[in-house]
Novice: 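Before I ask anything, here is the structure I am working with.
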Amino acid sequence: MSIRYFSWVLLLLAGVVTFSGCELVPPPTGNTSDGSKASSAPGNPENAGSELTKFMEIAQRSIKEWDVPTASLLATQMARSGPKGADPLLDQLANPATKSEVKVLITMVMVPLVSPEMVPRLVAMTQPGQNEDTRGCATQLLGMVTIPDAVKRTRELLHDPDLRVQFAAVYCLMRDNDDEAINLAVELWKRPELNLNQRVSLVQVVPVARAAAMTPICREAAVDLKMDANTRVHAMEVLVKAGSEDAIATLKQCAENDPEPRIREYVKAGLASLAVKKPDAAPAVPAETAAPAEPAAPSAPAASAEPAPPSA
């Protein structure tokens with residue numbers, strides 16, 4: 001699972017439930033966990049009721065017992081059964097009586113299935129007065145769609161008074177390097193009620209191209225050992241790109257104190273590249289002398305499979 005996709009799962013679960021020990025994977029094409037053969041063929045509308053029943057049985061289990069591959073397969077079959085095939089899942093998402101954990105699983109498996117046709121329903125679910133879990137999950141799905149109506153509503157939700165809704169909107173638009181979302185991310189980071197999973201999610205989608213604006217966030221994340229190694233490395237990558245004095249000061253701290261040798265070596269290589277680019281008291285280069293090629297930035301160390309720890 002990609003670091004970005006995992007960060008999306010952390011975002012989804014942040015503020016709704018405490019999450020541990022489960023990975024979201026794409027719908028399977030082999031055997032499901034109960035040994036039955038998975039199929040990517042379109043679902044049969046006549047089977048929609050039984051597929052929803054099976055899905056809800058999985059969703060009612062404890063989170064550690066969720067069979068996410070089978071739930072993903074069932075949702076895919078429902079969505080492919082016709083234009084309104086996913087409506088039973090959206091009905092559950094809109095229902096204020098549906099448990100928070102069920103809405104989380106629905107949103108997780110709907111990420112690859114959300115379509116422009118669902119936008120009117122998702123927009124309606126984000127309106128004031130709707131159930132708070134429904135609003136948060138709907139915002140996360142709405143932010144995955146790029147048609148104008150979806151983007152417009154997601155942009156409006158950047159200033160929503162509900163932290164989860166606002167955070168989901170900021171996260172989704174940050175991935176697209178949106179100026180307003182970038183600025184709001186810095187403000188959100190200062191809020192003490194932002195939990196660890198939300199902070200991890202935020203750091204993992206920081207655009208390297210916006211290193212200067214994101215330096216305050218990444219300086220904190222790079223030295224926060226409660227964050228997983230992948231997240232810390234991305235924060236360090238942003239700091240290398242920034243190359244400012246405060247970024248370099250944090251990188252030096254990481255080079256000395258990070259508990260993982262591979263990360264310390266990565267940071268040292270980054271600092272060395274910055275030293276070449278910005279030497280102290282560098283002599284002037286004669287006009288007739290061609291400048292040497294800039295050294296390439298160091299490659300990030302291999303990604304760690306260990307996910308970030310959940311928030312308390």
Novice: Considering residues at least two apart in sequence or located in another chain, which fulfil the salt bridge (charged side-chain N to carboxylate O under 4.0 Å, His left out) criterion with Glu65?
Specialist: none
Novice: Looking at every non-hydrogen atom in both residues, tell me the closest pair between Trp189 and Leu194 and how far apart they are.
Specialist: CA-CD2, 4.0 Å
Novice: In terms of hydrophobic clusters joined by side-chain contacts under 4.5 Å, are Val151 and Tyr171 together?
Specialist: no
Novice: Start with the C-alpha distance between Met144 and Gln140, add both sets of side-chain angles, then the distance that settles side-chain contact (heavy atoms from CB on, under 4.5 Å), and finish with yes or no.
Specialist: CA-CA 7 Å; Met144 306 300 291; Gln140 291 155 13; over 6 Å; no
Novice: If only atom types and distance count, is the side chain of Lys103 paired as donor or acceptor with the main-chain N or O of Ala138 below 3.5 Å?
Specialist: no
Novice: Is there a side-chain contact between Ile217 and Leu202 in this structure, where contact means two heavy atoms from C-beta onward sitting under 4.5 Å apart?
Specialist: yes
Novice: Strictly below 4.0 Å, N to O, side chains only: are Arg210 and Asp178 in salt-bridge contact?
Specialist: no
Novice: Which pair of heavy atoms, one from Ala222 and one from Ala235, lies closest together, and at what distance?
Specialist: N-CB, 3.8 Å
Novice: Check the pair Asp224, Arg199 against salt bridge (charged side-chain N to carboxylate O under 4.0 Å, His left out), reporting the backbone distance first and the verdict last.
Specialist: CA-CA 11 Å; Asp224 187 349; Arg199 293 180 187 276; over 6 Å; no
Novice: Grab the two heavy atoms, one from Met174 and one from Val205, that are nearest each other, plus how far apart they are.
Specialist: CE-O, 3.8 Å
Novice: When Arg232 is tested against each of Val200, Leu225, Val223 for side chain to side chain contact (heavy atoms under 4.5 Å, CB included), which residue passes?
Specialist: Leu225
Novice: To the nearest 0.5 Å, how far apart are CG in Asp179 and CG in Leu184?
Specialist: 11.0 Å
Novice: Testing the basics here: between Ala75 and Val109, what is the closest heavy-atom pair and its distance to 0.1 Å?
Specialist: CB-CG2, 3.7 Å
Novice: Are the side chains of Asp91 and Arg121 in touch, meaning some heavy atoms are under 4.5 Å apart?
Specialist: yes
Novice: Kindly indicate, with the supporting measurements, whether the criterion side-chain contact (heavy atoms from CB on, under 4.5 Å) is fulfilled by Cys137 and Leu141.
Specialist: CA-CA 6 Å; Cys137 290; Leu141 289 177; 5.8 Å; no
Novice: When rounded to the nearest 0.5 angstrom, what is the spacing between CE in Met125 and CG in Asn95?
Specialist: 10.5 Å
Novice: Counting distance only, does the side-chain N/O of Gln198 pair as donor-acceptor with the main-chain N or O of Asn195 below 3.5 Å?
Specialist: yes
Novice: Of all residues at least two apart in sequence or in a different chain, which pass the side-chain hydrogen bond (donor to acceptor under 3.5 Å, both in side chains) check with Thr250?
Specialist: Arg219
Novice: Rounded to the nearest 0.5 Å, what separation is found between the OG1 atom of Thr107 and the CG atom of Leu122?
Specialist: 9.0 Å
Novice: Is the number of heavy atoms from other residues, nucleotides or ligands within 6.0 Å of NZ (Lys54) greater than 12?
Specialist: no
Novice: Please name all residues satisfying salt bridge (charged side-chain N to carboxylate O under 4.0 Å, His left out) with Glu117, sequence neighbours left out, ordered by chain then number.
Specialist: none
Novice: Within the distance-only criterion (no hydrogens, no angle test), does the side chain of Thr139 pair as donor or acceptor with the backbone N or O of Val165 below 3.5 angstrom?
Specialist: no
Novice: Looking only at heavy atoms, which two atoms of Arg155 and Glu180 are closest? And how far apart?
Specialist: NH1-OE1, 3.7 Å
Novice: Are the side chain of Thr134 and the backbone of Leu93 linked by a donor-acceptor contact shorter than 3.5 Å?
Specialist: yes
Novice: Less than 4.0 Å between a side-chain N and a carboxylate O, is that true for Lys99 and Asp133?
Specialist: no
Novice: Quick check: closest heavy atoms across Ala221 and Met227, and the distance to 0.1 Å?
Specialist: CB-SD, 3.8 Å
Novice: Do Thr215 and Leu239 pass the side-chain contact (heavy atoms from CB on, under 4.5 Å) test, and can you show the C-alpha distance, the side-chain angles, and the key distance before you say yes or no?
Specialist: CA-CA 6 Å; Thr215 295; Leu239 295 177; 4.0 Å; yes
Novice: Should the pair Glu156-Arg153 be classified as a salt bridge under the 4.0 Å nitrogen-to-oxygen rule?
Specialist: yes
Novice: Does Glu256 use its side chain to pair, donor to acceptor, with the backbone of Lys252 at less than 3.5 Å?
Specialist: no
Novice: For the CD atom of Gln253 and the CD1 atom of Ile248, what is their distance to the nearest 0.5 Å?
Specialist: 14.0 Å
Novice: Assess whether side-chain contact (heavy atoms from CB on, under 4.5 Å) is satisfied between Val267 and Asp258, documenting all intermediate values.
Specialist: CA-CA 10 Å; Val267 178; Asp258 195 278; over 6 Å; no
Novice: Would you mind reporting whether Phe55 and Gln92 have side-chain heavy atoms less than 4.5 Å apart?
Specialist: no
Novice: Salt bridge or not between Glu193 and Arg191? Use side-chain N to carboxylate O under 4.0 Å.
Specialist: yes
Novice: Contact between Ile58 and Arg61 at the side-chain level, heavy atoms closer than 4.5 Å - yes or no?
Specialist: yes
Novice: Give a yes or no answer on whether the side chain of Gln166 reaches the backbone of His159 with a donor-acceptor pair at less than 3.5 Å.
Specialist: no
Novice: So if you build clusters from Ile, Leu, Val, Met, Phe, Trp, Tyr with side-chain heavy-atom gaps below 4.5 Å, do Val145 and Leu157 land together?
Specialist: no
Novice: Enter the distance from Glu57:CD to Thr70:OG1 here, rounded to the nearest 0.5 Å.
Specialist: 10.0 Å
Novice: Can you tell me how far the CZ atom of Phe167 sits from the SG atom of Cys172, to the nearest 0.5 Å?
Specialist: 9.5 Å
Novice: Contact between Met78 and Leu113 at the side-chain level, heavy atoms closer than 4.5 Å - yes or no?
Specialist: no
Novice: Heavy-atom distance under 4.5 Å between the side chains of Pro207 and Ile182, does that happen here?
Specialist: yes
